[in-house]
**Student:** 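To start, I am sharing the structure in question, which I have written as structure tokens.
Quick note on labels: first sequence line is chain A, next is B, and so on, each numbered from 1.
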Amino acid sequence: MASTPTDLDALVAQKYQHGFVTDVESDTLPPGLDEDVVRVISRIKREPQFMLDWRLRALRHWQTMANPDWAHLRIAPIDYQSISYYSAPRAKTDGPKSLDEVDPKLLATYEKLGVPLHERARLAGVAVDAVFDSVSVATTFKEKLARAGVIFCSFSDAVRNHPDLIEQYLGSVVPYADNYFAALNSAVFSDGSFVYVPQGVRCPMELSTYFRINAANTGQFERTLIIADEGSHVSYLEGCTAPMRDENQLHAAVVELVALRDASIKYSTVQNWYPGDENGVGGIYNFVTKRGECRGANSRISWTQVETGSAITWKYPSCVLSGDNSVGEFYSVALANHYQQADTGTKMIHIGRNTRSTIVAKGISAGRGQNTYRGLVKILPSAEGARNFTQCDSLLMGDKCGAHTFPYMEIKNPTAVVEHEATTSKIADDQLFYSRSRGVSEEDAVNMIVNGFCKVVFKELPMEFAVEAQNLLAVSLEGSVG
Amino acid sequence: MLSIRDLHAQIGVRKILKGVNLEVKPGEVHAIMGPNGSGKSTLASVLAGRAGYEVTKGTAHYLGDDLLALEPEERARRGVFLAFQYPVEIPGVNNAYLLKAALNAVRKQRGLQELDAFEFLALIKDKMKLMQMDESFLSRGVNEGFSGGEKKRNEILQMAVLEPKLALLDETDSGLDIDALRVVATGVNSLRSPERAIVMITHYQRLLDYIEPDFVHVLSDGRILRTGDKSLALELEKRGYDWVKQEASAA
Ligand SMILES: Nc1ncnc2c1ncn2[C@@H]1O[C@H](COP(=O)(O)OP(=O)(O)O)[C@@H](O)[C@H]1O
Ligand SMILES: [Mg+2]
């Protein structure tokens, strides 16, 4: 237990070295990955047989695969046998007991971000129940959803309580064999979120992991599955909206979305995992597979992401547009400062007729950050009348950073209309001087210009999120000029 | 108010200002004229604090303080305003947003309360009418897609809102048709006051028909070669700049 943490990074490092195995010995598996480990995870979670079988198939497949190296990233080798694949949520005794015990520096950052007090406490790892009544918040929330017939629970609960839905949809968008990290996740995923919105229901509120407080520590291999049944609508916010100085190194999540006929899913992410320090030491490897399928006609899936954290981000939220007239959207802001590396983008796979997709990607590079947009627009022969519009803009701050764009297109139907626009600009000294000569400070001017650059994406975010995203950019860019 | 003594400035190794002297008092309007490339914009840029210029000799004092020691935003907050010859575009940043941030920065410096959105809108609407600008300009990106004339009007709008003590106008008249010129001149004239000084850089006498200067200076090859009243501008219009140079080198 860290009683008087004075330096956050030290605290994080300390936890990483010692906390994992020693503090909660009985609930933590020793490092290493084999079939026994997978069996133990499944047993601890009291999963049905089909779930264990699926995990084992995933593991066996993963063992035949090699770490991918195609992304524009420098990745130190990861020793998968040195990671522990199961750790029960940290016992409440090992975190700070009240806000007074939390590093003031961390609290100051939260304050700047405008994170509500109880949320700050949760993010800092304080035993939340002690500070505010989390139970009642969660309960009112649950009742409202239950009345609408919406299922919103942890993945583990869903496996136990709705095995039929899980069996039907799990892996139906991202098969376990999809890629290296998806296979790994499928074998060992610890927990995550599950959403089912029944036919014709408009989910009465934005769903966010924040309300499902018990899932705050789902760890490094989360899995999310969202099913929007015919004619339903749901907006889901995935948020780590404040610096969650997570001790984990590898974060390999999988998100699957299924939209049936006339359904729509809006999935918004503000990701701010620990990016490492200004020398590139530490930080999260964020290797995430996110994909949605517009399975039914006239369905719509919209991804909006603001990625400011992580040492390395490897993430391509994609849409498979199977249903006729279905719509896929991807709006992204990715920031790479200091030694951060971001390789992100999307895939739009047009299968149905008259399918449409829009891609707007904004990359900001500062310090020695490297930002890559990688996108694929694939139009299959069946996709008569498909359309895509892609716009990728890069903003460079300083001359030690980089921006790279890899837009791939595979067009197999001659009726397709595909438009692509790309720009790269330096944050112009002219713009900075112009703003400063009107009395605006240099730091505010940078934030203003960067926010202007990102505006079209921010406006896709739910209101509160947009404000947080702006603040987050400001905090992430602190000290990047001058 | 502004006192420039023997100012020398260069970009890299290239010497551009070679000993400028200029005294500007409150209430005065000065016109600086001169051939292309003589250093007029450089002088304005150095006074506003643009990076990339090295002052190798001389001083510039503003209200008694060493102007050149201040950051650009500090100069602006103390009442120095530069209307740019080439205003830049800042995509996605609301024109109104920048202007409100600027106004509040200046007000803060003056010990005034910051304005909220409603107070700001009330204030700016009148000024926009004066500049004959449609309110839709407020929600557009700063200078984004503005025509040349609209950009210049926007500069004077900013000046009207910020109410500087010392306004430097760099070729605000160039690229304007006669109607736009009249609008811009009306805007500038409405800001003439005994507390405010205006320094206009221009190529053409025609602006001076609308905004009458107290002094006209000829800047050539980095030096002020001649100073006179508004009749000097008329003479320049008729005879060009060469005779000024010749007389100066003869002297
Ligand atoms: N960034 C620069 N680098 C090198 N020379 C420059 C630069 N900017 C201006 N100059 C030169 O300095 C001289 C003065 O320019 P300027 O002050 O813009 O003149 P004016 O405004 O009187 O037309 C010109 O010869 C111009 O080419
Ligand atoms: Mg000029």
Side-chain angles (χ1 to χ4, degrees), chain A residues 306 331-333 335 360-364 391-399 421-461 466-467 469-471 473-474 477 481-482, chain B residues 44-53 70-95 97-110 114 139-144 151 154-155 157-159 161-164 167-168 170:
Chain A
V306 176
Y331 297 97
S332 169
V333 167
L335 173 127
V360 178
K362 302 274 180 174
I364 302 159
Q391 184 187 341
C392 318
D393 300 317
S394 308
L395 187 66
L396 300 172
M397 303 174 66
D399 51 14
E421 288 175 9
T423 65
T424 298
S425 49
K426 266 182 87 94
I427 194 160
D429 292 341
D430 279 357
Q431 294 174 334
L432 268 183
F433 176 62
Y434 187 82
S435 309
R436 293 177 74 190
S437 78
R438 297 299 177 249
V440 179
S441 73
E442 184 170 24
E443 203 176 322
D444 289 348
V446 168
N447 287 331
M448 196 172 72
I449 294 165
V450 170
N451 275 309
F453 175 75
C454 300
K455 193 177 199 169
V456 287
V457 174
F458 286 170
K459 106 179 175 267
E460 295 295 324
L461 287 170
V467 174
Q470 282 190 19
N471 293 340
L473 268 193
L477 281 172
V481 287
Chain B
S45 296
V46 168
L47 294 176
R50 188 193 281 270
Y53 299 88
L70 302 176
E71 293 294 324
E73 56 267 39
E74 193 53 36
R75 303 181 196 196
R77 291 171 192 170
R78 294 192 192 188
V80 177
F81 180 89
L82 169 61
F84 284 67
Q85 181 173 3
Y86 304 110
V88 297
E89 303 195 3
I90 312 182
V93 174
N94 261 350
N95 213 17
Y97 184 89
L98 172 66
L99 200 46
K100 180 164 166 274
L103 178 61
N104 281 333
V106 169
R107 287 179 66 92
K108 204 166 153 199
Q109 173 83 21
R110 292 179 189 160
E114 296 192 8
S139 51
R140 285 172 61 180
V142 175
N143 293 318
E144 201 180 351
K151 285 181 183 171
N154 197 38
E155 293 294 289
L157 172 72
Q158 294 180 350
M159 171 177 162
V161 170
L162 298 177
E163 301 184 326
L168 310 166
D170 192 357

**Student:** Checking heavy atoms, do the side chain of I90(B), its backbone, both or neither come under 4.5 Å from chain A?
**Tutor:** both

**Student:** Does any backbone or side-chain atom of P164(B) lie under 4.5 Å from a heavy atom of chain A? Answer side chain, backbone, both or neither.
**Tutor:** neither

**Student:** Need one label for E155(B): side chain, backbone, both or neither, based on atoms under 4.5 Å from any heavy atom in chain A.
**Tutor:** side chain

**Student:** What's the spacing between M159(B) CE and R438(A) CZ if we round to 0.5 Å?
**Tutor:** 10.5 Å

**Student:** Can you tell me which of A101(B), G52(B), P91(B) forms the most heavy-atom pairs within a distance under 4.5 Å of chain A?
**Tutor:** P91(B)

**Student:** Show the nearest heavy-atom pair for residues F84(B) and S437(A), with the distance to one decimal.
**Tutor:** CE1-OG, 3.3 Å

**Student:** Testing the basics here: between P72(B) and F433(A), what is the closest heavy-atom pair and its distance to 0.1 Å?
**Tutor:** CB-CE1, 4.0 Å

**Student:** As an exercise: rank L99(B), L82(B), V142(B), N104(B) by heavy-atom pairs under 4.5 Å with chain A and give me the winner.
**Tutor:** L82(B)

**Student:** Can you tell which of A105(B), G141(B), A102(B), A51(B) has the highest number of heavy-atom pairs within less than 4.5 Å of chain A?
**Tutor:** A102(B)

**Student:** Answer yes or no: does atom OH of Y97(B) have more than 12 heavy-atom neighbours from other residues, nucleotides or ligands under 6.0 Å?
**Tutor:** no

**Student:** Given the options L98(B), N143(B), V106(B), L103(B), which has more heavy-atom pairs under 4.5 Å with chain A than any of the others?
**Tutor:** L98(B)

**Student:** Between D430(A) and chain B, which part of the residue has a heavy atom less than 4.5 Å away: side chain, backbone, both or neither?
**Tutor:** both

**Student:** Relative to chain A, which segment of Y86(B) carries a heavy atom at a distance below 4.5 Å: side chain, backbone, both, or neither?
**Tutor:** neither

**Student:** What residues of residues 452-460 of chain A sit under 4.5 Å from chain B when you count only heavy atoms?
**Tutor:** G452(A), F453(A), K455(A)

**Student:** Between E73(B) and V440(A), what is the shortest heavy-atom contact and its length?
**Tutor:** CB-O, 3.5 Å

**Student:** Please state whether the side chain, the backbone, both or neither of R75(B) comes within less than 4.5 Å of a heavy atom of chain A.
**Tutor:** neither

**Student:** Who pairs with R140(B) by salt bridge (charged side-chain N to carboxylate O under 4.0 Å, His left out), at least two apart in sequence or on another chain?
**Tutor:** none

**Student:** Are the charged groups of E74(B) and R436(A) less than 4.0 angstrom apart, N to O?
**Tutor:** no

